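Here the structure is laid out as structure tokens; the discussion comes afterwards.
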Amino acid sequence: MSYIEVRHNFKKYQTGDTEILANNDVNFTVEQGELAIILGASGAGKSTILNILGGMDTNTSGDVIIDGQNIAQYNKRQLTTYRRNDIGFVFQFYNLIQNLTAKENVELASEIVKDALDPVQTLIDVGLQTRINNFPAELSGGEQQRVAIARAIAKNPKILLCDEPTGALDYETGKSVLQIIADMSRKKGATVIIVTHNSTIAPIADRVIHFHDGQVTQIEHNPQPEAIANVKW
Ligand SMILES: Nc1ncnc2c1ncn2[C@@H]1O[C@H](COP(=O)(O)OP(=O)(O)O)[C@@H](O)[C@H]1O
Ligand SMILES: [Mg+2]
């Protein structure tokens with residue numbers, strides 16, 4: 001059995017008379033410690049599956065097995081516990097709390113879990129040693145995303161989920177952010193899933209899951225993933 005198994009996952013949205021199948025029988029697996037990329041055009045259903053994997057949304061039907069537990073069967077309380085203890089989530093637009101400093105944003109996440117990493121050390125690890133007491137508005141986009149990554153990794157999550165983490169960043173900043181995320185898998189052994197529409201970053205992953213129109217169209221394995229330094233986009 002794989003660490004993550006998505007089986008016959010369906011997600012239906014109803015808006016008035018229109019029904020959208022954002023996930024239309026999605027099937028894939030991810031092994032523990034892997035770096036996986038979910039790749040596909042806008043509207044393909046990538047965020048939908050990532051939110052379901054992170055316990056932030058529920059599916060319409062299907063199984064979502066995480067380390068042997070079917071989270072699709074969890075109630076609200078179980079999902080909250082799962083989200084809190086097991087998941088780190090990085091959003092495209094950072095989602096920082098504006099009236100808290102970088103350190104306070106990270107503390108807010110680390111305070112709610114048992115085996116949290118030190119917030120200040122985590123900010124130092126993502127290269128923000130000189131920005132620890134700054135507010136989000138005082139930081140560049142790349143710096144804000146690094147605070148958001150620090151917030152996610154300070155929880156020492158088993159699974160790190162990133163939705164278009166470099167989507168709002170310039171090229172060089174995007175690369176360094178991607179490196180920090182990849183290191184969570186390569187150095188810390190976390191299972192990492194990155195959602196992106198950018199096919200040029202796919203070679204850095206162990207596994208690339210192609211999405212199109214709510215379905216998985218192809219799954220590729222890279223036995224020898226490319227170093228981020230060697231990838232250009
Ligand atoms: N809350 C929602 N209500 C209605 N439709 C939605 C909602 N969220 C997403 N969708 C639709 O589901 C489809 C997949 O969306 P999404 O998973 O966000 O795609 P992606 O992340 O690949 O761009 C799109 O057609 C989108 O418009
Ligand atoms: Mg999306």
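Only this structure's heavy atoms are used, side chains among them; waters, hydrogens and symmetry mates stay out. Model, not experiment: these values are computed from the prediction. Order of listing sets the numbers, starting from 1, for every ligand and every atom in it.
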If I take atom [atom1] from residue [X] and atom [atom2] from residue [Y], how far apart are they, to the nearest 0.5 angstrom?
X    : Y    : atom1 : atom2 : result
E111 : K155 : CD    : NZ    : 13.0 Å
I193 : K46  : CD1   : NZ    : 14.0 Å
L50  : D57  : CG    : CG    : 11.0 Å

Open item on the list: side-chain contact (heavy atoms from CB on, under 4.5 Å), that's the test. Do L39 and I209 meet it? Break it down for me.
Closed with: CA-CA 6 Å; L39 181 66; I209 302 156; over 6 Å; no
Open item on the list: Please give me the minimum heavy-atom distance between N59 and F10, naming the atom from each residue.
Closed with: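 Closest approach of N59 to F10, heavy atoms only: CB-O, 3.5 Å.
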Task: Heteroatoms of the protein, restricted to N/O/S, which lie under 2.8 Å from the Mg ion (ligand 2) - done: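 Hits for the Mg ion (ligand 2) below 2.8 Å: S47 OG.
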Task: Close residues, ligand 1: non-hydrogen atom nearer than 4.0 Å - done: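 Ligand 1 is contacted, at a heavy-atom distance under 4.0 Å, by Y13, T15, I20, A22, A41, S42, G43, A44, G45, K46, S47, T48.
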Quick one about [Y] and [X] (side-chain donor to acceptor, distance below 3.5 Å, no hydrogens or angles considered), yes or no?
X    : Y   : value
E31  : S2  : yes
N23  : N9  : yes
D63  : N70 : yes
D163 : S47 : yes

